[in-house]
Protein chains: 2
Amino acid sequence: MKHVAPSTVRRLSLYLHTLEACLREGRRTVSSKVLGDAGGATPAQVRKDLSFFGSFGRRGVGYPAAELAAHLRGILGLGGGFRVVLVGAGRLGQALAHFEGFGERGFRIAAVYDADATKVGTRVDGLVVRGVDRLVADLEAQPADIGVIGVPGDAAQAVGDALVRGGVRAILSFAPVHVAVPEGVAVKRVDLSQELDTLAFALRGGSR
Amino acid sequence: MKHVAPSTVRRLSLYLHTLEACLREGRRTVSSKVLGDAGGATPAQVRKDLSFFGSFGRRGVGYPAAELAAHLRGILGLGGGFRVVLVGAGRLGQALAHFEGFGERGFRIAAVYDADATKVGTRVDGLVVRGVDRLVADLEAQPADIGVIGVPGDAAQAVGDALVRGGVRAILSFAPVHVAVPEGVAVKRVDLSQELDTLAFALRGGSR
DNA sequence: TATTGTGAAGTGGTTCACAGCT
DNA sequence: AGCTGTGAACCACTTCACAATA
(Lines give C-alpha, C1' and ligand atoms only; values in the text may rest on other atoms or scores of the structure.)
Protein backbone atom coordinates (compact mmCIF):
# COMPACT_ATOMS: atom_id res chain seq x y z
CA MET A 1 0.00 0.00 0.00
CA LYS A 2 1.21 3.46 -0.86
CA HIS A 3 1.61 6.38 1.48
CA VAL A 4 -1.70 7.42 2.99
CA ALA A 5 -1.94 11.04 4.09
CA PRO A 6 -2.82 11.52 7.77
CA SER A 7 -5.55 13.93 6.74
CA THR A 8 -7.06 11.24 4.54
CA VAL A 9 -7.24 8.81 7.45
CA ARG A 10 -8.97 11.40 9.61
CA ARG A 11 -11.54 11.94 6.90
CA LEU A 12 -12.14 8.22 6.41
CA SER A 13 -13.15 8.15 10.06
CA LEU A 14 -15.62 10.95 9.38
CA TYR A 15 -17.05 9.22 6.32
CA LEU A 16 -17.57 6.05 8.31
CA HIS A 17 -19.54 7.87 10.99
CA THR A 18 -21.62 9.66 8.41
CA LEU A 19 -22.35 6.35 6.71
CA GLU A 20 -23.45 4.83 9.99
CA ALA A 21 -25.80 7.76 10.55
CA CYS A 22 -27.20 7.35 7.02
CA LEU A 23 -27.71 3.62 7.60
CA ARG A 24 -29.63 4.34 10.79
CA GLU A 25 -31.91 6.56 8.70
CA GLY A 26 -32.49 3.64 6.36
CA ARG A 27 -30.49 5.08 3.49
CA ARG A 28 -29.12 2.48 1.06
CA THR A 29 -26.87 4.60 -1.09
CA VAL A 30 -24.91 7.77 -0.39
CA SER A 31 -23.30 10.28 -2.74
CA SER A 32 -19.88 11.87 -2.30
CA LYS A 33 -21.65 15.17 -1.75
CA VAL A 34 -23.65 13.92 1.24
CA LEU A 35 -20.60 12.15 2.60
CA GLY A 36 -18.54 15.30 2.38
CA ASP A 37 -21.05 17.86 3.65
CA ALA A 38 -21.36 16.14 7.00
CA GLY A 39 -17.69 16.66 7.74
CA GLY A 40 -16.67 19.75 5.84
CA ALA A 41 -15.07 17.99 2.87
CA THR A 42 -15.76 18.59 -0.82
CA PRO A 43 -17.27 15.84 -3.00
CA ALA A 44 -14.05 15.70 -5.02
CA GLN A 45 -12.04 15.18 -1.86
CA VAL A 46 -14.28 12.31 -0.81
CA ARG A 47 -13.93 10.60 -4.16
CA LYS A 48 -10.16 11.08 -4.20
CA ASP A 49 -9.80 9.70 -0.68
CA LEU A 50 -11.86 6.63 -1.46
CA SER A 51 -10.35 6.02 -4.89
CA PHE A 52 -7.02 5.60 -3.14
CA PHE A 53 -8.25 2.29 -1.77
CA GLY A 54 -10.40 1.10 -4.66
CA SER A 55 -13.61 1.78 -6.58
CA PHE A 56 -16.50 1.39 -4.22
CA GLY A 57 -19.17 3.47 -5.91
CA ARG A 58 -21.38 3.21 -8.96
CA ARG A 59 -21.37 6.05 -11.45
CA GLY A 60 -24.64 7.88 -11.62
CA VAL A 61 -25.78 6.30 -8.37
CA GLY A 62 -23.40 6.81 -5.47
CA TYR A 63 -21.83 4.53 -2.88
CA PRO A 64 -23.64 1.54 -1.36
CA ALA A 65 -23.74 2.61 2.30
CA ALA A 66 -23.45 -0.70 4.12
CA GLU A 67 -20.80 -2.03 1.78
CA LEU A 68 -18.67 1.11 1.93
CA ALA A 69 -18.94 1.21 5.72
CA ALA A 70 -17.64 -2.35 5.88
CA HIS A 71 -14.77 -1.44 3.55
CA LEU A 72 -13.86 1.57 5.68
CA ARG A 73 -13.87 -0.47 8.85
CA GLY A 74 -11.51 -2.88 7.15
CA ILE A 75 -9.23 -0.13 5.87
CA LEU A 76 -9.04 1.52 9.29
CA GLY A 77 -8.39 -1.82 10.96
CA LEU A 78 -11.38 -1.65 13.26
CA GLY A 79 -12.75 -4.87 14.66
CA GLY A 80 -9.26 -5.96 15.64
CA GLY A 81 -10.39 -6.38 19.24
CA PHE A 82 -7.49 -4.28 20.52
CA ARG A 83 -6.56 -4.37 24.18
CA VAL A 84 -6.21 -0.95 25.82
CA VAL A 85 -4.48 0.01 29.05
CA LEU A 86 -5.37 3.30 30.66
CA VAL A 87 -2.81 5.07 32.83
CA GLY A 88 -4.17 7.76 35.12
CA ALA A 89 -7.31 7.29 37.21
CA GLY A 90 -8.00 10.94 37.91
CA ARG A 91 -10.99 12.82 36.59
CA LEU A 92 -9.74 12.57 33.04
CA GLY A 93 -9.04 8.85 33.37
CA GLN A 94 -12.49 8.23 34.78
CA ALA A 95 -14.14 10.14 31.97
CA LEU A 96 -12.10 8.12 29.48
CA ALA A 97 -12.92 4.81 31.15
CA HIS A 98 -16.60 5.50 30.59
CA PHE A 99 -16.19 6.65 27.01
CA GLU A 100 -18.32 4.36 24.83
CA GLY A 101 -16.14 4.86 21.76
CA PHE A 102 -13.77 2.13 22.89
CA GLY A 103 -16.47 -0.50 23.01
CA GLU A 104 -18.07 0.69 19.77
CA ARG A 105 -14.82 -0.17 18.00
CA GLY A 106 -14.38 -3.46 19.79
CA PHE A 107 -11.53 -1.99 21.85
CA ARG A 108 -11.45 -3.35 25.37
CA ILE A 109 -10.00 -1.49 28.34
CA ALA A 110 -8.03 -4.27 29.98
CA ALA A 111 -6.63 -2.41 32.99
CA VAL A 112 -6.38 0.97 34.70
CA TYR A 113 -3.24 2.22 36.47
CA ASP A 114 -2.37 5.11 38.75
CA ALA A 115 0.65 6.23 40.74
CA ASP A 116 -1.44 7.51 43.64
CA ALA A 117 -1.57 4.86 46.40
CA THR A 118 -4.92 6.17 47.62
CA LYS A 119 -6.42 5.45 44.19
CA VAL A 120 -4.93 1.98 43.83
CA GLY A 121 -7.53 -0.62 44.74
CA THR A 122 -10.50 1.63 44.00
CA ARG A 123 -12.74 0.78 41.06
CA VAL A 124 -13.09 2.72 37.83
CA ASP A 125 -15.81 1.52 35.48
CA GLY A 126 -15.68 -1.91 37.07
CA LEU A 127 -11.91 -2.25 36.92
CA VAL A 128 -9.70 -2.28 40.00
CA VAL A 129 -7.01 0.40 39.72
CA ARG A 130 -3.49 -1.05 39.85
CA GLY A 131 -0.18 0.62 40.75
CA VAL A 132 1.84 1.96 37.81
CA ASP A 133 4.87 0.10 39.12
CA ARG A 134 3.18 -3.08 37.90
CA LEU A 135 2.55 -1.72 34.40
CA VAL A 136 5.57 -3.16 32.59
CA ALA A 137 5.36 -6.56 34.29
CA ASP A 138 1.64 -6.79 33.55
CA LEU A 139 2.19 -5.93 29.90
CA GLU A 140 4.94 -8.51 29.61
CA ALA A 141 2.59 -11.14 31.01
CA GLN A 142 -0.32 -10.02 28.84
CA PRO A 143 0.46 -7.54 26.05
CA ALA A 144 -1.76 -4.65 25.04
CA ASP A 145 -2.03 -2.83 21.73
CA ILE A 146 -2.90 0.67 22.84
CA GLY A 147 -1.85 2.72 25.86
CA VAL A 148 -3.69 5.83 26.98
CA ILE A 149 -1.73 8.45 28.94
CA GLY A 150 -3.97 10.45 31.25
CA VAL A 151 -1.39 11.66 33.74
CA PRO A 152 0.17 15.11 34.38
CA GLY A 153 2.85 16.30 31.97
CA ASP A 154 5.78 15.67 34.26
CA ALA A 155 4.95 11.96 34.49
CA ALA A 156 4.01 11.45 30.85
CA GLN A 157 7.41 10.52 29.41
CA ALA A 158 8.01 7.92 32.13
CA VAL A 159 4.62 6.36 31.44
CA GLY A 160 5.32 6.44 27.71
CA ASP A 161 8.64 4.67 28.27
CA ALA A 162 6.93 2.00 30.37
CA LEU A 163 4.25 1.46 27.73
CA VAL A 164 6.89 1.08 25.03
CA ARG A 165 8.92 -1.30 27.18
CA GLY A 166 5.74 -3.31 27.65
CA GLY A 167 5.34 -3.62 23.90
CA VAL A 168 2.50 -1.18 23.27
CA ARG A 169 2.51 -0.01 19.64
CA ALA A 170 0.08 2.89 19.77
CA ILE A 171 -0.30 5.62 22.38
CA LEU A 172 -3.01 8.20 22.91
CA SER A 173 -1.64 10.95 25.12
CA PHE A 174 -3.55 13.72 26.85
CA ALA A 175 -0.46 15.18 28.49
CA PRO A 176 0.57 18.66 27.32
CA VAL A 177 4.12 17.55 26.50
CA HIS A 178 5.89 15.79 23.67
CA VAL A 179 6.33 12.09 24.42
CA ALA A 180 9.34 10.66 22.59
CA VAL A 181 8.98 7.08 21.35
CA PRO A 182 11.08 4.82 19.14
CA GLU A 183 10.38 4.27 15.46
CA GLY A 184 7.41 1.99 14.93
CA VAL A 185 5.32 3.28 17.82
CA ALA A 186 2.49 5.68 16.97
CA VAL A 187 1.64 8.55 19.30
CA LYS A 188 -1.49 10.64 19.02
CA ARG A 189 -1.50 13.69 21.21
CA VAL A 190 -4.68 15.40 22.28
CA ASP A 191 -3.58 18.67 23.81
CA LEU A 192 -6.25 20.86 25.32
CA SER A 193 -3.75 23.64 25.98
CA GLN A 194 -2.99 23.82 22.30
CA GLU A 195 -6.65 23.87 21.35
CA LEU A 196 -7.30 26.73 23.74
CA ASP A 197 -4.37 28.67 22.29
CA THR A 198 -5.70 28.26 18.75
CA LEU A 199 -9.15 29.37 19.91
CA ALA A 200 -7.63 32.46 21.47
CA PHE A 201 -5.92 33.19 18.17
CA ALA A 202 -9.18 32.70 16.30
CA LEU A 203 -10.87 35.21 18.63
CA ARG A 204 -8.26 37.78 17.66
CA GLY A 205 -9.49 37.34 14.13
CA GLY A 206 -6.13 35.98 13.05
CA SER A 207 -7.12 33.14 10.77
CA ARG A 208 -10.13 31.04 9.91
CA MET B 1 -1.83 40.66 8.77
CA LYS B 2 -1.45 38.03 6.09
CA HIS B 3 -2.87 34.53 6.08
CA VAL B 4 -1.50 32.48 8.95
CA ALA B 5 -1.47 28.72 8.38
CA PRO B 6 -3.39 26.75 11.02
CA SER B 7 -0.38 24.47 11.45
CA THR B 8 1.74 27.52 12.25
CA VAL B 9 -0.63 28.58 15.02
CA ARG B 10 -0.51 25.11 16.56
CA ARG B 11 3.26 25.24 16.57
CA LEU B 12 3.37 28.72 18.10
CA SER B 13 1.49 27.21 21.02
CA LEU B 14 4.13 24.50 21.31
CA TYR B 15 6.98 27.01 21.15
CA LEU B 16 5.38 29.04 23.90
CA HIS B 17 5.16 26.05 26.20
CA THR B 18 8.73 25.05 25.45
CA LEU B 19 9.86 28.59 26.22
CA GLU B 20 8.03 28.53 29.52
CA ALA B 21 9.74 25.26 30.41
CA CYS B 22 13.12 26.77 29.47
CA LEU B 23 12.41 29.84 31.57
CA ARG B 24 11.60 27.65 34.57
CA GLU B 25 15.02 26.07 34.12
CA GLY B 26 16.57 29.51 34.23
CA ARG B 27 17.45 29.63 30.56
CA ARG B 28 17.78 33.15 29.14
CA THR B 29 18.14 32.42 25.47
CA VAL B 30 16.85 29.59 23.29
CA SER B 31 17.86 28.49 19.78
CA SER B 32 15.49 27.44 17.02
CA LYS B 33 16.91 23.93 17.36
CA VAL B 34 15.92 23.59 21.02
CA LEU B 35 12.56 25.18 20.34
CA GLY B 36 11.85 22.73 17.55
CA ASP B 37 13.12 19.51 19.12
CA ALA B 38 10.65 19.75 21.96
CA GLY B 39 7.74 19.61 19.60
CA GLY B 40 8.90 17.67 16.58
CA ALA B 41 9.60 20.68 14.35
CA THR B 42 12.78 21.43 12.44
CA PRO B 43 14.88 24.51 13.26
CA ALA B 44 14.09 25.93 9.83
CA GLN B 45 10.39 25.55 10.48
CA VAL B 46 10.66 27.39 13.78
CA ARG B 47 12.50 30.28 12.17
CA LYS B 48 10.03 30.45 9.29
CA ASP B 49 7.06 30.44 11.65
CA LEU B 50 8.48 33.19 13.82
CA SER B 51 9.78 35.31 10.93
CA PHE B 52 6.20 35.55 9.79
CA PHE B 53 5.49 37.87 12.72
CA GLY B 54 8.79 39.67 12.99
CA SER B 55 12.48 39.30 13.86
CA PHE B 56 12.72 38.26 17.46
CA GLY B 57 16.11 36.56 17.57
CA ARG B 58 19.75 37.59 17.44
CA ARG B 59 21.99 35.91 14.88
CA GLY B 60 24.64 33.69 16.40
CA VAL B 61 22.85 33.78 19.75
CA GLY B 62 19.23 32.64 19.58
CA TYR B 63 15.95 34.01 20.85
CA PRO B 64 15.59 35.84 24.18
CA ALA B 65 13.27 33.46 26.01
CA ALA B 66 11.19 35.81 28.14
CA GLU B 67 10.81 38.36 25.39
CA LEU B 68 9.79 35.80 22.76
CA ALA B 69 7.32 34.22 25.16
CA ALA B 70 5.69 37.60 25.68
CA HIS B 71 5.53 38.15 21.92
CA LEU B 72 3.92 34.74 21.40
CA ARG B 73 1.33 35.38 24.06
CA GLY B 74 0.51 38.61 22.30
CA ILE B 75 0.32 36.98 18.87
CA LEU B 76 -1.93 34.21 20.15
CA GLY B 77 -4.12 36.71 21.95
CA LEU B 78 -3.67 35.19 25.39
CA GLY B 79 -4.25 37.34 28.42
CA GLY B 80 -7.51 38.56 26.98
CA GLY B 81 -9.34 37.38 30.10
CA PHE B 82 -11.88 35.45 28.03
CA ARG B 83 -15.09 34.30 29.63
CA VAL B 84 -15.90 30.62 29.08
CA VAL B 85 -19.20 28.79 29.47
CA LEU B 86 -19.16 25.04 29.84
CA VAL B 87 -22.17 23.02 28.70
CA GLY B 88 -22.36 19.48 30.01
CA ALA B 89 -21.70 18.61 33.64
CA GLY B 90 -21.10 14.89 33.17
CA ARG B 91 -17.79 13.19 33.75
CA LEU B 92 -16.23 14.99 30.81
CA GLY B 93 -17.56 18.35 31.93
CA GLN B 94 -16.26 17.81 35.43
CA ALA B 95 -12.83 16.88 34.15
CA LEU B 96 -12.85 20.01 31.99
CA ALA B 97 -14.00 22.24 34.83
CA HIS B 98 -10.93 21.22 36.81
CA PHE B 99 -8.52 21.61 33.91
CA GLU B 100 -5.90 24.16 34.96
CA GLY B 101 -5.20 25.23 31.38
CA PHE B 102 -8.08 27.67 31.44
CA GLY B 103 -6.73 29.57 34.41
CA GLU B 104 -3.16 29.48 33.10
CA ARG B 105 -4.33 31.47 30.08
CA GLY B 106 -6.43 33.85 32.11
CA PHE B 107 -9.60 32.19 30.79
CA ARG B 108 -12.34 32.11 33.39
CA ILE B 109 -15.12 29.53 33.48
CA ALA B 110 -18.09 31.75 34.15
CA ALA B 111 -20.86 29.15 34.29
CA VAL B 112 -21.67 25.47 33.88
CA TYR B 113 -24.87 24.17 32.28
CA ASP B 114 -26.59 20.80 31.96
CA ALA B 115 -29.90 19.52 30.64
CA ASP B 116 -30.27 16.90 33.36
CA ALA B 117 -32.54 18.25 36.14
CA THR B 118 -30.83 16.04 38.71
CA LYS B 119 -27.50 17.76 37.96
CA VAL B 120 -28.89 21.30 38.02
CA GLY B 121 -28.15 22.90 41.36
CA THR B 122 -25.18 20.65 42.15
CA ARG B 123 -21.72 22.17 42.24
CA VAL B 124 -18.88 21.58 39.79
CA ASP B 125 -15.56 23.09 40.74
CA GLY B 126 -17.31 25.66 42.91
CA LEU B 127 -19.90 26.64 40.31
CA VAL B 128 -23.58 25.86 40.64
CA VAL B 129 -24.82 23.96 37.58
CA ARG B 130 -27.59 25.80 35.76
CA GLY B 131 -30.27 24.49 33.37
CA VAL B 132 -29.40 24.73 29.65
CA ASP B 133 -32.73 26.41 29.04
CA ARG B 134 -31.22 29.49 30.68
CA LEU B 135 -28.14 29.48 28.48
CA VAL B 136 -29.19 31.99 25.82
CA ALA B 137 -30.81 34.39 28.28
CA ASP B 138 -27.73 34.27 30.51
CA LEU B 139 -25.43 34.96 27.58
CA GLU B 140 -27.57 37.86 26.47
CA ALA B 141 -27.35 39.35 29.96
CA GLN B 142 -23.63 38.69 30.26
CA PRO B 143 -21.81 37.63 27.07
CA ALA B 144 -19.07 35.01 26.90
CA ASP B 145 -16.26 34.58 24.40
CA ILE B 146 -15.84 30.82 24.36
CA GLY B 147 -18.34 27.98 24.68
CA VAL B 148 -17.34 24.41 25.46
CA ILE B 149 -19.64 21.61 24.29
CA GLY B 150 -19.34 18.55 26.50
CA VAL B 151 -22.68 16.92 25.74
CA PRO B 152 -23.63 13.80 23.72
CA GLY B 153 -23.62 14.06 19.95
CA ASP B 154 -27.37 14.25 19.52
CA ALA B 155 -27.57 17.40 21.65
CA ALA B 156 -24.46 19.10 20.28
CA GLN B 157 -25.97 21.05 17.40
CA ALA B 158 -28.72 22.48 19.62
CA VAL B 159 -26.14 23.60 22.16
CA GLY B 160 -24.01 25.06 19.38
CA ASP B 161 -27.00 27.01 18.07
CA ALA B 162 -27.73 28.35 21.55
CA LEU B 163 -24.11 29.41 22.03
CA VAL B 164 -24.13 31.22 18.69
CA ARG B 165 -27.43 32.90 19.48
CA GLY B 166 -25.88 34.02 22.75
CA GLY B 167 -23.03 35.68 20.88
CA VAL B 168 -20.21 33.24 21.54
CA ARG B 169 -17.49 33.54 18.88
CA ALA B 170 -15.39 30.45 19.57
CA ILE B 171 -16.50 26.92 20.38
CA LEU B 172 -14.56 23.93 21.61
CA SER B 173 -16.61 20.80 20.95
CA PHE B 174 -16.02 17.32 22.29
CA ALA B 175 -19.08 15.86 20.58
CA PRO B 176 -18.41 13.32 17.81
CA VAL B 177 -20.47 15.23 15.25
CA HIS B 178 -20.01 18.19 12.96
CA VAL B 179 -21.46 21.35 14.51
CA ALA B 180 -22.53 23.84 11.85
CA VAL B 181 -21.99 27.51 12.71
CA PRO B 182 -22.30 30.76 10.77
CA GLU B 183 -19.32 32.53 9.25
CA GLY B 184 -17.26 34.31 11.85
CA VAL B 185 -17.62 31.71 14.57
CA ALA B 186 -14.65 29.38 15.13
CA VAL B 187 -15.20 25.75 16.03
CA LYS B 188 -12.48 23.44 17.27
CA ARG B 189 -13.51 19.84 17.44
CA VAL B 190 -11.76 17.34 19.68
CA ASP B 191 -13.06 13.97 18.58
CA LEU B 192 -11.90 10.95 20.52
CA SER B 193 -13.65 8.60 18.10
CA GLN B 194 -11.56 9.96 15.28
CA GLU B 195 -8.34 9.65 17.24
CA LEU B 196 -9.10 6.05 18.05
CA ASP B 197 -9.78 5.32 14.39
CA THR B 198 -6.44 6.80 13.35
CA LEU B 199 -4.68 4.78 16.04
CA ALA B 200 -6.33 1.61 14.74
CA PHE B 201 -5.08 2.51 11.28
CA ALA B 202 -1.58 3.09 12.63
CA LEU B 203 -1.63 -0.34 14.26
CA ARG B 204 -2.38 -1.90 10.87
CA GLY B 205 0.92 -0.39 9.76
CA GLY B 206 -0.86 1.83 7.28
CA SER B 207 0.94 5.12 7.69
CA ARG B 208 3.56 6.64 9.95
C1' DT C 1 31.81 30.18 14.91
C1' DA C 2 27.09 29.96 15.94
C1' DT C 3 22.67 30.99 14.64
C1' DT C 4 19.03 33.91 12.58
C1' DG C 5 16.18 35.53 8.54
C1' DT C 6 14.52 34.53 4.05
C1' DG C 7 14.11 33.88 -1.07
C1' DA C 8 13.93 29.86 -3.81
C1' DA C 9 13.14 25.09 -4.59
C1' DG C 10 10.71 21.09 -3.39
C1' DT C 11 6.95 18.24 -1.67
C1' DG C 12 2.54 16.81 -0.84
C1' DG C 13 -2.26 17.53 -0.41
C1' DT C 14 -6.38 19.75 -2.62
C1' DT C 15 -9.20 21.23 -6.31
C1' DC C 16 -10.49 21.07 -11.16
C1' DA C 17 -12.43 19.30 -15.05
C1' DC C 18 -13.90 15.91 -17.77
C1' DA C 19 -14.11 11.14 -19.52
C1' DG C 20 -16.67 7.05 -18.43
C1' DC C 21 -20.52 4.38 -16.49
C1' DT C 22 -25.37 3.61 -15.00
C1' DA D 1 -29.09 13.27 -16.60
C1' DG D 2 -26.44 12.06 -12.53
C1' DC D 3 -22.47 10.79 -10.25
C1' DT D 4 -18.01 8.36 -9.93
C1' DG D 5 -12.96 7.87 -10.94
C1' DT D 6 -8.78 10.19 -11.96
C1' DG D 7 -4.94 12.67 -14.41
C1' DA D 8 -3.51 17.29 -14.41
C1' DA D 9 -3.29 21.91 -12.56
C1' DC D 10 -3.07 24.31 -8.54
C1' DC D 11 -1.92 25.86 -4.12
C1' DA D 12 0.15 25.75 0.48
C1' DC D 13 3.23 24.27 3.57
C1' DT D 14 7.98 22.58 4.29
C1' DT D 15 12.73 22.22 3.53
C1' DC D 16 16.91 23.97 1.63
C1' DA D 17 20.68 26.85 1.31
C1' DC D 18 23.04 30.75 2.09
C1' DA D 19 23.71 35.73 3.05
C1' DA D 20 23.67 38.49 7.17
C1' DT D 21 25.07 39.35 11.78
C1' DA D 22 26.46 38.81 16.79
> What is the distance, rounded to the nearest whole Å, between atom CZ of B/Arg59 and atom P of D/dT21?
Replying inline: 6 Å
> Out of D/dT6, D/dC13, C/dG13, which has the shortest distance to the side chain of B/Pro6?
Replying inline: D/dC13
> How many Å lie between CZ on A/Arg11 and P on C/dG13, as a whole number?
Replying inline: 10 Å
>> Measure CZ/A/Phe52 against P/D/dG7 and give the value in whole Å, please.
In response: 12 Å
> For A/His71, which residues count as a ring-ring contact (aromatic ring centres under 6.0 Å, His included) partner, sequence neighbours excluded?
Replying inline: A/Phe56
> Any donor-acceptor pair under 3.5 Å linking the side chain of B/Glu20 with the backbone of B/Ala69?
Replying inline: no
>> Please check: side-chain N/O of B/Thr29 versus main-chain N/O of B/Pro64, any donor-acceptor pairing under 3.5 Å?
In response: no
> To the nearest Å, how far apart are A/Leu50 CG and D/dT4 P?
Replying inline: 10 Å
>> Nearest heavy atom decides the nucleotide; on that basis, is A/Ala44 or A/Val61 closer to the 5' end of DNA chain D?
In response: A/Val61
>> For a quick test of reading the model, state the closest non-hydrogen atom pair linking A/Val112 to A/Leu127 and the distance between them.
In response: CG2-CD1, 3.9 Å
> Is it true that A/Lys33 and A/Asp37 make a salt bridge, defined as a side-chain N closer than 4.0 Å to a carboxylate O?
Replying inline: yes
> Whole-Å distance between D/dT6 P and A/Asp49 CG?
Replying inline: 13 Å
>> Please classify the nucleic acid contact of B/Arg47 as base, sugar-phosphate, or nothing, using heavy-atom distances under 4.0 Å.
In response: base
> B/Lys48 NZ to C/dG7 C1': how many Å, rounded?
Replying inline: 7 Å
> For B/Gln45 and D/dT15, what is the distance between atoms CD and P respectively, to the nearest whole Å?
Replying inline: 5 Å
> For B/Phe53 and C/dT4, what is the distance between atoms CZ and C1' respectively, to the nearest whole Å?
Replying inline: 17 Å
> Which listed nucleotide (C/dT14, C/dA19, D/dA19) is nearest to the side chain of A/Ser7?
Replying inline: C/dT14
> Who are the side-chain contact (heavy atoms from CB on, under 4.5 Å) partners of A/Ala97, not counting sequence neighbours?
Replying inline: A/Leu86, A/Val124, A/Asp125
> What residues in residues 23-41 of chain A put a non-hydrogen atom under 4.0 Å from any atom of DNA chain C?
Replying inline: none
>> Check this one for me: any side-chain N or O of A/Tyr63 less than 4.0 Å away from OP1 or OP2 of D/dG5?
In response: yes
>> So does A/Gly184 get a backbone contact from the side chain of A/Arg169, meaning a donor-acceptor N/O pair under 3.5 Å?
In response: no
> Picking from C/dT6, C/dT22, D/dG5, which would you name as closest to the side chain of B/Ser51?
Replying inline: C/dT6
